[in-house]
Structures are given as C-alpha cells and as structure tokens.
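When a ligand or atom number is given, it counts from 1 through the structure's own listing order. Every heavy atom of this structure was used, including side-chain atoms; hydrogens, water molecules and symmetry mates were not.
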Amino acid sequence: MHRGGLLKSWASHIRQNKKDLATLMTYECGKPLPESLGEVEYGASFLDFYASECLRPNGLGGGTIIPTPFVKPPSVKNTRGTVMTYNEAVGVCGFITPWNFPLAMITRKVGPAIAAGCTSLVKPSELTPLTAMALEVLARRAGVPEGVFNVLTLGEEDTRRFGEVICTDDRVKKISFTGSTRVGKILLKQCAEGGIVKKASMELGGNAPFVVFSDADIDVAVKAAMASKFRNAGQTCVCSDRFLIHEDVEEEFLEKLVGEVKKIKVGDGMVAGVTMGPLISTKAREGVEEKVKEAVANGAEVLVGGERHEFGEQYYMPTVLKGVIKEDNIFKTETFGPVVASMTFSSDDEALDIIKSSSKTGLASYYCTQSADRMFNFSRRLEHGMVGVNEGIISSVVAPFGGVGESGIGREGNSSGMREYLEEKYVFVNHN
Ligand SMILES: NC(=O)c1ccc[n+]([C@@H]2O[C@H](COP(=O)([O-])OP(=O)(O)OC[C@H]3O[C@@H](n4cnc5c(N)ncnc54)[C@H](O)[C@@H]3O)[C@@H](O)[C@H]2O)c1
Ligand SMILES: O=CCCC(=O)O
C-alpha cells in the first residue's frame with residue numbers, strides 16, 4: 001500500500017477505537033474523558049494531514065530542476081548544466097515522548113516520518129506506555145509493517161540508555177524529543193559528544209505569558225484564559241502560566257475569571273461532568289503546592305483555591321493568585337498545574353520587559369486586545385514560536401508547532417513538520 005494509504009488506514013483504525021483509546025488515556029494520565037476523546041481526534045488528524053502531504057509536489061516526491069549556465073563563481077570557467085534537487089528520507093529516527101499527550105505526541109512525529117519514508121522507534125513515557133502500545137497494535141492492523149514504526153516501553157534506567165543509543169548510534173539519523181528542557185539538553189549534549197552529527201528536533205517546556213491589555217474585551221480574555229490555563233489541569237506545554245494584567249482592568253478580569261474557575265468540576269475523569277482531573281503524580285501536586293506557598297509567603301493573595309483538593313493525593317484545587325512577583329518560582333518557571341499566577345503592568349514596554357526578563361522559554365504566548373495595531377505589532381516583539389491573540393487554544397495540525405530559546409528547535413505539524421524528516425539532495429548535470 002502507498003504510504004499515504006497506510007497513514008489513512010491507521011487514522012481510520014484509531015477513530016474506530018476512539019472510545020477505547022480515550023478510556024485508556026484517562027486511566028493512564030487522568031485527563032477527563034472528553035479531553036481524551038479530543039486528543040484521539042487531534043492525534044488522528046496528524047496521520048490524515050501527512051497522508052495527503054506525501055502526495056504533494058513539495059513533499060517527498062517533489063524537488064526542483066533549475067537550468068543554469070552559471071553555477072560556478074565568475075573567476076572559474078562557466079559550465080552549462082542543470083541543477084536538480086531531490087527530497088530524500090532522512091532515515092531511521094529515534095523518538096522519545098511525554099505522558100501529557102500520550103497519543104498525539106506520537107502521531108505528530110510518526111505521521112510525517114512515515115510520509116517522508118523514514119522508519120521510527122518510539123520510547124513513550126514510562127507513565128503512559130499502554131496508549132502507545134495500543135497505537136502500535138492499530139498501526140499493525142492498518143498494515144504498517146513491523147520495523148516501520150515500533151514502540152519500546154522501558155523503565156527509568158533503560159530509558160537513559162535508550163537516549164544514549166539513539167543519540168550516538170550512527171544508524172539513527174534523526175532524533176525527535178518532546179519533554180522537559182532539562183532532558184532535551186541532556187540529549188543534545190549526547191548527540192554532540194558521540195556518533196555522527198544528526199538532525200535533532202526538541203519540543204521542550206513552556207511557561208507561556210498571558211497578557212490582558214486595558215483595551216481587551218474582558219469576556220473574550222476570560223474565555224481564552226480558561227481554555228489555555230486549565231486544559232489537562234494545566235499540564236500542557238502551551239498552557240498559559242504567567243498572567244500579566246493591565247492595572248486598569250485587573251479587578252474586572254480577575255473577578256470574572258474567579259467566577260469561571262469556581263465552575264470547574266474536579267474529580268475522576270471517567271465521571272460525566274468532571275472538567276478537571278488529577279495531576280500526573282503526588283510529587284507533581286507537591287511541586288505545585290510548594291510554589292503556591294512560596295508566592296503567598298512573598299505576598300501573593302489567593303483569590304480561589306490555593307490548596308490540595310480533597311478528592312485525592314494527586315489533586316490540586318484550581319487556583320487564582322493575585323500580586324505574584326516575577327522572582328516567584330510560580331511565575332518564572334513552568335508550573336504544569338492549575339494555577340493562574342498574576343501580576344499587573346502599566347505599559348506595553350513594561351509587559352515585554354517582565355516577559356523577557358523572567359524566563360528564557362519561548363514556546364507559546366497569548367495576549368488580548370482590541371487594537372488592530374497591537375494585534376499585528378505586539379506579536380512581532382514577543383520572542384516565542386507561537387502567539388495566540390484573543391485566543392487560548394492555538395494547537396492545530398495545520399499550524400507549525402514549536403518554540404525558540406529554552407523551548408526547543410524545530411516544528412511539528414504543517415508542511416514544516418514534514419521537512420524535518422527530509423534531506424534535500426542537489427545533483428548537477430553538466431551538459432556543455
Ligand atoms: N513543546 C512541546 O511540544 C511539548 C509537548 C508536551 C510536553 N512538553 C514538555 O514536557 C514536559 C512534561 O513531560 P515529562 O514530565 O514527561 O518530561 P520529561 O522530560 O521528564 O520526560 C519526557 C520523556 O523523556 C524520557 N526521559 C527522561 N529522562 C531521560 C533521559 N535521561 N534520557 C532519555 N529520555 C529520558 C521520559 O521517560 C519521557 O519519555 C514539560 O516540560 C512540557 O512542557 C513539551
Ligand atoms: O503539551 C504540549 C502539546 C499540546 C498541544 O499540542 O497542544
């Protein structure tokens with residue numbers, strides 16, 4: 001079967017098993033069932049997209065032919081000839097993925113890899129191996145041959161070894177990692193120290209700023225903030241984390257936001273009506289708790305939440321903090337929890353200065369305004385790979401997803417995501 005056909009068939013098997021896959025994910029990582037169902041669709045969309053992409057002229061089959069009589073510098077005798085370029089598959093790929101999107105972070109890599117003609121070995125998070133194994137079973141049923149996409153589930157120690165092997169073994173030509181900046185840097189160092197120089201994509205941590213300007217439509221801003229902050233209980237790399245609210249609208253924004261936060265129903269993700277599940281572990285909950293305590297000790301005010309949730313060890317209450325300072329860990333580092341950490345600002349320059357001086361991450365950023373000037377110009381001043389204006393959910397198969405700075409290298413999704421799996425070869429034919 002054509003590679004596009006295989007990807008389409010795999011997407012269709014995933015959709016036929018949507019409910020089972022979503023249930024597995026909710027049991028494994030705790031996100032509410034409707035969010036898991038959304039992730040199944042999101043994950044399948046990468047296979048559909050790249051099934052079509054590999055048929056496009058600029059996909060693998062594409063290339064260019066450039067007739068040119070002048071390929072050498074003027075000092076050298078001119079040669080008449082033709083420049084031809086081909087896109088070729090990079091080769092064997094090694095992937096490492098996280099627990100927060102156990103399905104979509106795999107298809108977002110494997111989809112374009114297969115479309116480009118690459119084979120891949122995936123090591124999912126040790127916290128969510130079952131979703132990955134189910135994906136592999138469905139790939140086989142769809143006809144994806146063994147050896148083209150394989151899953152390797154490993155414990156912590158073997159995981160480190162796997163990382164070393166894919167970074168240093170010359171047979172692996174590309175690695176793609178989604179996870180923390182800390183581990184991303186370990187992998188980059190390993191790549192630099194051993195074996196051939198290879199392509200590396202790094203989808204790393206966030207800590208997204210969310211700016212509410214004084215001219216924002218506050219209802220729109222609250223809706224965007226809720227969507228971006230509380231998705232997966234705050235455990236996504238693109239969740240808004242650092243809230244900067246213009247001093248003139250702080251009261252209105254926070255009052256409306258707190259009203260919405262109080263409506264969040266925390267509990268077992270399998271129960272209908274629950275909109276927020278647990279954090280991934282007790283350790284993760286303790287980490288959030290510690291950061292909130294530090295901010296409060298430094299003067300922040302808890303408007304809602306601020307404590308462990310009574311539902312269980314891994315649960316934390318949806319929380320809104322007012323008056324944090326940029327030195328607080330909850331502001332300057334990625335929190336991966338359901339906490340709005342907010343402070344005020346009085347000018348665009350001040351907001352930018354706070355954003356840039358408090359973190360070197362550059363994944364997603366968000367701002368709300370009704371000014372056309374700001375809509376186009378403020379995003380240019382932000383050092384982030386992705387910007388949402390008056391919108392809290394910006395992830396989509398058609399968009400190039402990725403960050404700059406401490407948030408990584410490379411893009412996933414869109415045709416940019418396919419380019420990461422192709423090498424351009426140039427051939428010159430002399431026909432003097
Ligand atoms: N930019 C993105 O697209 C994106 C998407 C999802 C998550 N993330 C980030 O991922 C982080 C959360 O995920 P996590 O807690 O699973 O991250 P993590 O870095 O702890 O783990 C990610 C993966 O790396 C593996 N790993 C851990 N140590 C390793 C080592 N020494 N060598 C090789 N592999 C190793 C883990 O087993 C897991 O599979 C957050 O920082 C989040 O922002 C980023
Ligand atoms: O956690 C980061 C990935 C989530 C997304 O693709 O929106």
Side-chain angles (χ1 to χ4, degrees), residues 28-29 31 35 38-39 41-43 45-46 94-109 121-129 131-132 151-168 175-191 200-208 227-228 231-241 279-281 283-284 287 333-337 359 361-364 384-386 388 391-414 417:
E28 273 196 313
C29 74
K31 64 177 72 174
E35 282 195 41
E39 184 179 341
E41 192 46 52
Y42 183 44
S45 74
F46 292 104
F95 298 148
I96 299 179
T97 56
W99 50 264
N100 65 340
F101 284 81
L103 190 148
M105 295 303 100
I106 294 180
T107 56
R108 193 156 82 175
K109 297 183 192 304
L121 190 54
V122 181
K123 205 293 299 171
S125 167
E126 55 278 17
L127 300 172
T128 52
T131 306
V151 170
L152 199 57
T153 56
L154 300 172
E156 234 172 82
E157 194 146 313
D158 289 332
T159 286
R160 275 194 287 277
R161 182 76 194 116
F162 177 80
E164 282 163 17
V165 169
I166 61 169
C167 291
T168 56
I175 66 159
S176 179
F177 170 73
T178 297
S180 61
T181 302
R182 183 187 69 81
V183 174
K185 284 186 174 179
I186 293 174
L187 296 173
L188 283 174
K189 186 162 182 259
Q190 287 172 176
C191 282
S201 294
M202 294 283 145
E203 299 285 340
L204 309 177
N207 180 17
S228 124
R231 184 172 169 225
N232 198 14
Q235 302 171 109
T236 89
C237 53
V238 286
C239 274
S240 45
D241 234 13
L279 297 184
I280 189 67
S281 63
K283 196 164 161 244
T333 62
E334 182 184 42
T335 294
F336 248 49
S359 170
T361 53
L363 194 59
H384 289 80
M386 298 173 279
E391 177 57 60
I393 301 284
I394 55 173
S395 307
S396 155
V397 66
V398 299
F401 189 105
V404 300
E406 295 277 280
S407 295
I409 312 165
R411 294 293 177 266
E412 291 189 328
N414 179 274

Just need the protein heavy atom nearest to [atom], so name the residue and atom and give the distance.
| atom | result |
| --- | --- |
| atom 4 (C) of ligand 2 | F101 CE1, 3.5 Å |
| atom 25 (C) of ligand 1 | I96 CG2, 3.6 Å |
| atom 3 (C) of ligand 2 | C237 SG, 3.4 Å |
| atom 20 (O) of ligand 1 | S180 OG, 4.0 Å |
| atom 42 (C) of ligand 1 | F336 CZ, 3.3 Å |
| atom 13 (O) of ligand 1 | P98 CB, 3.6 Å |
| atom 41 (O) of ligand 1 | E334 OE1, 2.7 Å |
| atom 7 (O) of ligand 2 | S395 OG, 2.4 Å |
| atom 8 (N) of ligand 1 | C237 CB, 3.6 Å |
| atom 6 (O) of ligand 2 | Y42 OH, 2.7 Å |

### Query
If you measure from CG on L187 to CD1 on I96, what distance do you get to the nearest 0.5 Å?
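Between atom CG of L187 and atom CD1 of I96 there are 5.0 Å.
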### Message
To the closest 0.5 Å, what do you measure between CZ (F401) and OG (S396)?
### Response
11.0 Å
### Task
Could you tell me whether E203 approaches ligand 2 through its side chain, its backbone, both or neither, with non-hydrogen atoms closer than 4.0 Å?
neither
### Query
With backbone taken as N, CA, C and O and side chain as the heavy atoms from C-beta onward, which portion of R231 lies under 4.0 Å from ligand 2: side chain, backbone, both, or neither?
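Under 4.0 Å from ligand 2, R231 contributes side-chain atoms alone.
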#### Entry: Within-shell test, F401 vs ligand 1, heavy atom, strictly < 4.0 Å
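The answer is yes: ligand 1 sits under 4.0 Å from a heavy atom of F401.
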### Query
Hey, does the side chain of N414 reach the backbone of G417 with a donor-acceptor pair shorter than 3.5 angstrom?
no
### Query
Would you say ligand 1 has an N or O under 3.5 Å from any N or O of K123?
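Among all N and O atoms of K123, at least one is under 3.5 Å from an N or O of ligand 1.
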